[in-house]
K.L.:
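Let me give you the structure first, and then I'll get to my questions.
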Amino acid sequence: MAAHRTATHNVGAVHGHDPVTASPLMTLTYRSRATAPLSESQLGELQHRAAARNRAEGVTGMMVYNDDRFFQWLEGPPASIARIWSSISRDPRHVDIEAISVHTAPSRLFANWSLKLTTGHGDPWLDEISAARVSSTNVAAEQLAALVIATEPNEARRLLNAAYAEFRSISAVIELLIEPTARRLGDLWADDDCGEYEVTLGLCRLQTFLREIASDGVQQHTEHPLVVLVAPLPGEIHMLGATLDAESLWLAGHDTRVRFPSTEQALQQIVATNWFDAIDLSLSPAFLREHRITRMSQIVDTVRRASKNPALVIVAGGRAFYDRTASSADVHSDGSSTSAAHLSDDIARARSEHH
Ligand SMILES: Cc1cc2nc3c(=O)[nH]c(=O)nc-3n(C[C@H](O)[C@H](O)[C@H](O)COP(=O)(O)O)c2cc1C
């Protein structure tokens, strides 16, 4: 398959089997450029015929057509994918066809769509993000997780920008997409569907894309801004949680300071020499970090003792608190937060209980 032109990731052993066909499941993504802009009816015709053939082949997927560019995700039995890919790569309606990734997958993301079409106008992808508000399965986050670790992550960037254009709220993008995508990356790792390097890469990219979106955020006015230190727990290499927390606290109007102390001593030094009303200490947004919980409780204790402000309020964040495998009692903090989107409220609650 010409798809191997571009580096793929995590191909490894074939471990994904489609429950419908009982054969291994292959996913292929590529992008291309329309030779000439397609009218709505030409696009409809293309989709209609492609969906019929996909159905016959047991293939499902989605296609994005936006700004004369195609992005397509196909999943199905390897032989079917190879046949369809061979037709697609010979199709004169597009050029600059570039495979992004080819790999086996544990399950289908688009089981219900022979070929879902998304154009960015009245985007069905956005309907899915909205559906994620009320449902526990977040298909949009599953897609984003796959896209953000692809060789070429621009489609992930585009989808995040589309979500922001729709919601006009950085908090909504964080809570509905970025945090669920981080957890999804952690799940892919836990199921052996990607490596730790890819999780870290994916989290870094999410951080980069968020910063692009957040650059036009406007800080709210608040009557009583707090001086808050935001820091990953020393030893935690995933910085995305701290970035999301800092972004969201800043938007809520707080005087937010972000530090990345590499040791417990460095953190003590920061709180001993600066006055903070509250500290937000975070663990990975992707992994549960079970082995760090006891360590976190020790660090919380020493930070409290070292603090210049004797009434310092400490709030803990990270996937462990979202999944409730750890609580504030476990880490000796005054509160915990399940999402950066309501961290400001979580700190306010912890302060009122503390005083
Ligand atoms: C951007 C793009 C995406 C396409 N996606 C599919 C697809 O998912 N499935 C499919 O059967 N054909 C798809 N086609 C159409 C095929 O290229 C081809 O026209 C069709 O499968 C008929 O195949 P044949 O010409 O080999 O008979 C796509 C074409 C383009 C330009």
Side-chain angles (χ1 to χ4, degrees), residues 1-6 8 11 16-21 23-128 139-140 142-147 150-159 161-162:
M1 274 193 334
H4 290 295
R5 260 184 322 206
T6 311
T8 65
V11 177
H17 281 79
D18 189 21
V20 180
T21 59
S23 66
L25 188 62
M26 179 75 83
T27 68
L28 180 152
T29 56
Y30 73 89
R31 61 179 181 174
S32 64
R33 198 164 47 80
T35 316
L38 271 78
S39 69
E40 212 168 293
S41 67
Q42 286 170 321
L43 192 62
E45 168 76 12
L46 190 163
Q47 186 213 8
H48 185 75
R49 295 177 74 113
R53 183 166 167 208
N54 289 357
R55 206 171 299 120
E57 288 271 15
V59 165
T60 51
M62 77 148 175
M63 180 164 85
V64 180
Y65 180 61
N66 187 269
D67 261 353
D68 302 338
R69 299 199 140 267
F70 291 106
F71 168 84
Q72 193 170 11
W73 175 294
L74 289 168
E75 54 197 16
S80 305
I81 294 286
R83 278 189 290 273
I84 287 177
W85 176 239
S86 147
S87 293
I88 291 175
S89 41
R90 277 185 281 109
D91 196 309
R93 286 171 286 186
H94 60 170
V95 289
D96 298 343
I97 304 167
E98 187 190 338
I100 297 171
S101 70
V102 193
H103 54 87
T104 58
S107 60
R108 290 180 192 252
L109 287 188
F110 300 93
N112 299 327
W113 292 279
S114 294
L115 186 58
K116 186 161 90 102
L117 178 64
T118 295
T119 56
H121 316 291
D123 200 328
W125 190 80
L126 293 170
D127 295 342
E128 254 155 32
V139 176
E142 287 187 14
Q143 293 168 29
L144 256 184
L147 293 171
T151 312
E152 170 48 72
N154 266 332
E155 188 56 19
R157 171 188 267 128
R158 194 192 76 74
L159 292 177
N161 277 299

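For ligands, and for the atoms within them, numbers begin at 1 and follow the listed sequence. Hydrogens, waters and symmetry mates are skipped; everything else that's a heavy atom, side chains included, is used.
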K.L.:
Between the candidates Thr35, Leu38, Leu46, which shows the shortest non-hydrogen contact distance to atom 31 (C) of ligand 1?
P.N.:
Leu46
K.L.:
Nearest heavy atom to atom 8 (O) of ligand 1 wins, so pick from Arg55, Gln72, Arg31, Arg69.
P.N.:
Gln72
K.L.:
Give the atoms of ligand 1, by number and element, whose distance to some non-hydrogen atom of Phe70 is under 4.0 Å.
P.N.:
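Counting from 1, the qualifying ligand atoms are 1 (C).
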K.L.:
Using a strict 4.0 Å cut-off to heavy atoms of Ile88, name the atoms of ligand 1 that fall inside it.
P.N.:
4 (C), 5 (N), 6 (C), 7 (C), 13 (C), 14 (N), 17 (O), 28 (C)
K.L.:
Under a 4.5 Å cut-off applied to non-hydrogen side-chain atoms, are Trp113 and Thr60 in contact?
P.N.:
no
K.L.:
In the protein, what heavy atom is nearest to atom 17 (O) of ligand 1, and what distance, to one decimal place, separates them?
P.N.:
Asp91 OD2, 2.6 Å
K.L.:
Are the side chains of Arg93 and Gln42 in touch, meaning some heavy atoms are under 4.5 Å apart?
P.N.:
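Counting from C-beta outward, Arg93 and Gln42 never come under 4.5 Å.
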K.L.:
Hey, is the main chain of Asn54 close enough, under 3.5 Å, to the side chain of Ser114 for a donor-acceptor pair?
P.N.:
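No; judged by distance alone, with no hydrogens or angles, the pair does not exist.
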K.L.:
Which residue and non-hydrogen atom of the protein lie closest to atom 24 (P) of ligand 1, and at what distance in Å?
P.N.:
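Scanning the protein heavy atoms, the shortest distance from atom 24 (P) of ligand 1 goes to Ser87 OG, 3.8 Å.
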K.L.:
Are Met63 and Leu43 side-chain neighbours, meaning at least one heavy-atom pair lies under 4.5 Å?
P.N.:
yes
K.L.:
Looking at every non-hydrogen atom in both residues, tell me the closest pair between Leu115 and Ala50 and how far apart they are.
P.N.:
CD2-CB, 3.7 Å
K.L.:
Please confirm whether Arg49 comes within less than 3.5 Å of ligand 1 when only nitrogen or oxygen atoms on both sides are compared.
P.N.:
no
K.L.:
Output yes when the distance from some N or O of ligand 1 to some N or O of Tyr30 is under 3.5 Å, and no in every other case.
P.N.:
no
K.L.:
With a 3.5 Å distance limit and no angle check, can you tell me whether His94 reaches the backbone of Ile88 through a side-chain donor-acceptor pair?
P.N.:
yes
K.L.:
What residue and heavy atom of the protein are closest to atom 13 (C) of ligand 1, and at what distance?
P.N.:
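Of the protein heavy atoms, Ala50 CB, 3.5 Å lies nearest.
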K.L.:
Would Glu57 and Arg83 pass as an ion pair if we require N to O under 4.0 Å?
P.N.:
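A salt bridge is present here (some side-chain N lies under 4.0 Å from a carboxylate O).
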K.L.:
What pair of heavy atoms forms the shortest contact from Ile97 to Ser89, and how long is it?
P.N.:
CD1-O, 3.7 Å
K.L.:
Where's the contact between Leu74 and ligand 1, heavy-atom distance under 4.0 Å: side chain, backbone, both or neither?
P.N.:
side chain
K.L.:
Are side-chain heavy atoms of Arg158 and Val64 found at a separation under 4.5 Å?
P.N.:
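With C-beta onward as the side chain, the pair touches.
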K.L.:
What about His94: any of its N or O atoms under 3.5 Å from an N or O on ligand 1?
P.N.:
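So ligand 1 has no N or O lying under 3.5 Å from an N or O of His94.
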K.L.:
Any non-hydrogen protein atom below 4.0 Å of atom 27 (O) of ligand 1?
P.N.:
no
K.L.:
At a 4.0 Å threshold, what atoms of ligand 1 neighbour a non-hydrogen atom of Asn54?
P.N.:
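Near Asn54, meaning under 4.0 Å from one of its heavy atoms, ligand 1 has 7 (C), 8 (O), 9 (N), 10 (C), 11 (O).
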K.L.:
Can you check which of Met63, Arg93, Arg90, Arg53 brings a heavy atom nearest to atom 22 (C) of ligand 1?
P.N.:
Arg53
